[in-house]
Amino acid sequence: MPINLPDNGTKITIQNNRLNVPDNPILGYIEGDGIGPDITSACLRIWDAAVAKAYNDKRKIHWAELFMGEKASKKYDGNYFPEETIQAIQDLVVSIKGPLTTPVGGGFRSLNVSLRQTLDLYACVRPLRYYSGVPSPMSHPELIDVVLFRENTEDVYAGIEYQSGSPEMQKVENFLKQEMGANFFADSGIGIKPISPFGSKRLVRKAIRYAIDNNKKNVTLVHKGNIMKFTEGAFRNWGYELAKEEFAAETITEEELYSKYDGKQPSDKIVIKDRIADITFQLMLLRPTEFDVIATMNLNGDYLSDAIAAQVGGMGIAPGANMSDNIAVFEATHGTAPKYANLDKVNPGSLLFSGVNMLEYIGWQEAADLISNAYPKVIQKKIVTYDFARQMEGATEVSTSKFADTLIDEIG
């Protein structure tokens, strides 16, 4: 069945590896499963209100609904992952999606992982910052303002693993022990962790380019290279190589900062440094201002982005996007929360701020700023959804749609 694109909109195009965004772009959205319809309908209203206010109706997003997950299954005879949707995401360049469930009983390990792998959305980009008034376990959550670039296609998430006792596992075990001299317990489940120069360098390239475009001071390569020298240690080395090969005029290493510049960072240079993964968790608690942009591999990035999200208020307000060189799919980073489905109850913050990042990505900073500035004002009035209300004294608990109404009033 054909996807209906709005008649009055114009598709975003790519010219010289940059987005060419018209004043009436068509953007794709996937409603999502579980709480997806509640938060998506609220967020669409907020984004549209911010765009209308920022540009006096001279700019307007034309939304095209795309289908994946349970809603797709109903429209496409049980197909949760229709090819037509994949093609439309490529064609429209920029899309946003609510949370997706993964069908039980096979077909997909994860719709989200399948989407990333099918479209080669190799960078998961997670901006993590604090909004005043949001409940946080930290004494000074306002010190956290970091953008994390997580490699999306390699590492243990590549899905190359063999079940204990299976014929495939026994083949791999025999090869590793007899041919390669490896020593480990018999009948182990075995996973393969590929980390490539190509995958590592394109991720670090994207992180450094972001740092340059957004006037950030440093990019930190996070790894466990002291133990996994030829995978995670190689990621670190390739990251430094890439910076030297392609960004020599814009970057210096941390070692050069002290040996050449006496520790005083030149205003026109970005510092490239690296930290071991475990110490990074500690430093994000103790000295979070030392990090502007983080580039890391898949598993490290998964743990670290969720941990930092907890410091600034939790997954309920943590935004994210999956990107290739140009195609970007922004998304809610939490799950479908089926027990709250259709109750008009949950916090729309994660999807909301993913949309703010989407507005920034297409260059509509004024609309993005309206939401970012209005949001803390609403939170400080203690008008919040249930998740924040239970952490605040004297809060007024409101529904998802009522929270959207209040935020739209503040924007206006």
Side-chain angles (χ1 to χ4, degrees), residues 112-113 116 121-131 136 138 141-157 195 199-225 232 235-236 238-239 242-243 270-324 328-334 349-351 353-354 356-358 360-361:
N112 293 318
V113 171
R116 293 170 200 161
L121 304 174
Y122 62 82
C124 177
V125 183
R126 298 279 299 274
L128 299 150
R129 56 170 285 202
Y130 180 68
Y131 291 91
S136 164
M138 304 295 293
E142 72 279 359
L143 298 179
I144 296 163
D145 187 359
V146 63
V147 180
L148 189 147
F149 284 73
R150 167 191 171 195
E151 205 289 321
N152 246 349
T153 64
E154 299 193 307
D155 201 356
V156 291
Y157 283 72
I195 304 286
S200 300
K201 287 187 175 184
R202 67 177 179 175
L203 187 277
V204 174
R205 180 184 297 114
K206 200 167 191 71
I208 294 175
R209 174 53 60 195
Y210 176 89
I212 292 169
D213 290 345
N214 292 276
N215 299 311
K216 301 296 184 181
K217 292 183 177 178
N218 59 67
V219 176
T220 306
L221 310 172
V222 174
H223 60 94
K224 193 65 180 165
E232 305 226 353
F235 171 88
R236 167 198 178 274
W238 291 323
L242 182 279
I270 292 166
V271 174
I272 310 297
K273 56 185 178 176
D274 72 276
R275 295 291 182 269
I276 301 295
D278 44 17
I279 199 69
T280 304
F281 281 88
Q282 183 178 162
L283 291 173
M284 279 306 308
L285 291 167
L286 300 177
R287 302 202 297 270
T289 56
E290 293 181 4
F291 299 92
D292 279 0
V293 177
I294 289 173
T296 189
M297 288 145 292
N298 215 326
L299 186 60
N300 291 336
D302 195 0
Y303 293 153
L304 195 54
S305 59
D306 286 5
I308 301 170
Q311 294 179 238
V312 294
M315 292 295 287
I317 62 163
N322 294 296
M323 301 180 177
S324 64
V329 181
F330 295 81
E331 66 176 358
T333 58
H334 52 66
S350 176
L351 188 65
F353 287 116
S354 294
V356 169
N357 297 151
M358 180 175 68
E360 292 173 340
Y361 186 68

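- Looking at heavy atoms from C-beta onward, Leu128 lies out of side-chain contact with Met284 at the 4.5 angstrom threshold.
- Remark: the backbone N or O of Ala318 is paired with a side-chain donor or acceptor of Ser350 at under 3.5 angstrom.
- Across every non-hydrogen atom of Pro319 and Asn357, the tightest pair is CB-OD1, 3.3 Å.
- When all heavy atoms of Ser324 and Leu121 are compared, the pair lying nearest together is N-CD2, 3.7 Å.
- In this structure, Asp306 CG and His334 NE2 are separated by 12.0 Å, a value rounded to the nearest 0.5 Å.
- The shortest side-chain heavy-atom distance between Ile195 and Ser200 falls under the 4.5 Å cut-off.
- Taking the side chain as every heavy atom from C-beta outward, Leu304 and Phe281 approach each other to under 4.5 Å.
- From Ile208, atom CD1 reaches atom NZ of Lys216 across 15.5 Å, with rounding to the nearest 0.5 Å.
- Both cation-pi conditions hold for Lys273 and Phe291: the charged atom is under 6.0 angstrom from the six-membered ring centre and inside a 45 degree cone around its axis.
- Taking the ring centre of Tyr157 as origin, the terminal cationic atom of Arg116 falls outside the region bounded by 6.0 Å and 45° from the ring axis.
- Separation of atoms CG (Asn322) and OG1 (Thr153) is listed at 11.0 Å; rounding is to 0.5 Å.
- Rounded to the nearest 0.5 angstrom, Ile144 CD1 and Gln311 CD are separated by 4.0 Å.
- Side chain of Asn218 to backbone of Asp292: a donor-acceptor contact under 3.5 angstrom is found.
- Within the model, atoms OG1 of Thr333 and CG of Leu351 stand 9.5 Å from one another, a figure rounded to the nearest 0.5 Å.
- Taking CD1 of Ile276 as the start and CG of Leu221 as the end, the distance is 11.0 Å to the nearest 0.5 Å.
- Among all heavy-atom pairs drawn from Ala243 and Ile272, the shortest one is CB-CG1, 4.0 Å.
- Counting only distance, with no hydrogens or angles, the side chain of Asn298 and the backbone of Asn152 share a donor-acceptor pair below 3.5 Å.
- Taking the side chain as every heavy atom from C-beta outward, His223 and Thr296 never approach each other to under 4.5 Å.
- At a threshold of 4.5 Å between non-hydrogen side-chain atoms, the residues Met297 and Glu154 do not count as touching.
- When every heavy atom of Lys224 is checked against every heavy atom of Glu232, the shortest pair comes out as N-OE1, 2.6 Å.
- Residues Leu285 and Met138 have side chains in contact (heavy-atom distance under 4.5 Å, counting atoms from C-beta outward).
- Using a 4.5 Å heavy-atom cutoff, the side chains of Val219 and Phe149 are not in contact.
- Nearest heavy-atom pair across Arg126 and Ala309 is NH2-CB, 4.2 Å.
- Put simply, the side chain of Ser354 gets close to the backbone of Glu331: a donor and an acceptor are under 3.5 Å apart.
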